[in-house]
Amino acid sequence: MSRNASVTLDWGDGIYEFRLGWGELAKLQEASDAGPFVILDRLRNGTCRLEDISDVIRWGLVGGGKTPVEATKLVRLYVEDRPPAENRLTAYAIMAAGCTGAPEEQIEKKSPAPDRESTISPTERSGSERSTDWARNCR
């Protein structure tokens, strides 16, 4: 898995790359009338629809570089002709990578801002009337 939303899995008859980028997630959302995290949760807890499984895998294959025709053939062969439970966790792994990336990856931390010396001296006077002087004059 990687932060670019791709995951390589041993699936079907070989090793395939799956990727759900922004475009694939949008098409998946439109087809299922559910947001990506709703689909992810349904896949996680087993309340998913059959199309959740097949569409996630199909769009993942397309995002991973397969043509839509190739992806559809693979889904028909290895998803639609098999029991749904056989591919639910595969779909979950693809969807999780698309939504969150891989948790084991190190995220580059930005270096702290360089120390900058202040151009204002804490003891320097600005020339403005001090607030305490102004308050005394208001009485």
J.: Out of curiosity, T90 OG1 to L43 CG, how far, rounded to the nearest 0.5 Å?
T.: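 Between T90 OG1 and L43 CG, I get 10.5 Å after rounding to 0.5 Å.
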
J.: With salt bridge (Lys or Arg N to Asp or Glu O under 4.0 Å) as the rule and sequence neighbours excluded, what pairs involving residues 59-77 come up?
T.: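 Found none.
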
J.: Could you tell me if the side chain of L61 sits less than 4.5 Å from the side chain of F18, heavy atoms only?
T.: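 They are in side-chain contact.
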
J.: List in chain and number order the residues that pass side chain to side chain contact (heavy atoms under 4.5 Å, CB included) with N45, two or more places apart in sequence or in another chain; answer none if no residue qualifies.
T.: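 For N45 the side chain to side chain contact (heavy atoms under 4.5 Å, CB included) partners, ignoring immediate neighbours, are D41, T47.
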
J.: Determine which pairs satisfy side-chain hydrogen bond (donor to acceptor under 3.5 Å, both in side chains) with at least one residue from residues 17-36, sequence neighbours left out, and list them in order.
T.: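 The answer is none; no pair qualifies.
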
J.: Could you list the residues that satisfy side-chain hydrogen bond (donor to acceptor under 3.5 Å, both in side chains) with E86, not counting sequence neighbours?
T.: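 Per chain and number, E86 pairs via side-chain hydrogen bond (donor to acceptor under 3.5 Å, both in side chains) with R82.
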
J.: Pairs in or reaching into residues 26-57: which pass ring pair (Phe, Tyr, Trp, His ring centres under 6.0 Å), with residues at least two apart or in two chains?
T.: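 For residues 26-57, and leaving out neighbouring residues, there are no ring pair (Phe, Tyr, Trp, His ring centres under 6.0 Å) pairs at all.
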
J.: What pairs of residues pass the ring pair (Phe, Tyr, Trp, His ring centres under 6.0 Å) test when at least one of them lies in residues 81-101, not counting sequence neighbours?
T.: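 Qualifying pairs: none.
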
J.: First locate atom CG of L74, then atom CG of D13, and finally report the distance between them rounded to the nearest 0.5 Å.
T.: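 Result: 6.5 Å between the selected atoms.
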
J.: Quick one: closest heavy-atom pair of L50 and P84, and the distance?
T.: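 Reported closest heavy-atom pair: CD2-CG, 3.5 Å.
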
J.: Search all heavy atoms of A34 against all heavy atoms of I39 and return the closest pair with its distance.
T.: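 Scanning both residues, the minimum pair turns out to be O-CD1, 3.7 Å.
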
J.: Could you pull out the closest heavy-atom pair between D55 and A31, with the gap in Å?
T.: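 Where D55 meets A31 most closely, the heavy atoms are OD2-CB, 4.1 Å.
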
J.: Can you name the residues that form a salt bridge (charged side-chain N to carboxylate O under 4.0 Å, His left out) with R88, not counting sequence neighbours?
T.: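 Applying salt bridge (charged side-chain N to carboxylate O under 4.0 Å, His left out) to R88 gives none.
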
J.: Is there a path of hydrophobic side-chain contacts, each under 4.5 Å between heavy atoms of I/L/V/M/F/W/Y residues, joining I94 to V38?
T.: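 No; I94 is not reachable from V38 via cluster members.
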
J.: So, for A5 and G98, which heavy atoms are closest and what is the spacing to 0.1 Å?
T.: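 Answer, listing the atom of A5 first, then G98: CB-CA, 3.8 Å.
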
J.: Picking from D52, L20, I57, what satisfies side-chain contact (heavy atoms from CB on, under 4.5 Å) with M95?
T.: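 It is L20, the one option of D52, L20, I57 that forms the side-chain contact (heavy atoms from CB on, under 4.5 Å) with M95.
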
J.: Provide the full list of ring pair (Phe, Tyr, Trp, His ring centres under 6.0 Å) pairs with a residue in residues 54-79, sequence neighbours left out, each pair given once.
T.: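 Every pair satisfying ring pair (Phe, Tyr, Trp, His ring centres under 6.0 Å) with a residue in residues 54-79: W11-Y78.
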
J.: Of all the heavy-atom pairs spanning P68 and V62, show the shortest one and how long it is.
T.: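 Taking P68 first and V62 second, the nearest heavy atoms are CA-CG2, 3.9 Å.
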
J.: How close do V56 and A91 get, counting heavy atoms only, and between which atoms?
T.: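 Nearest heavy atoms, V56 then A91: CG1-O, 3.3 Å.
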
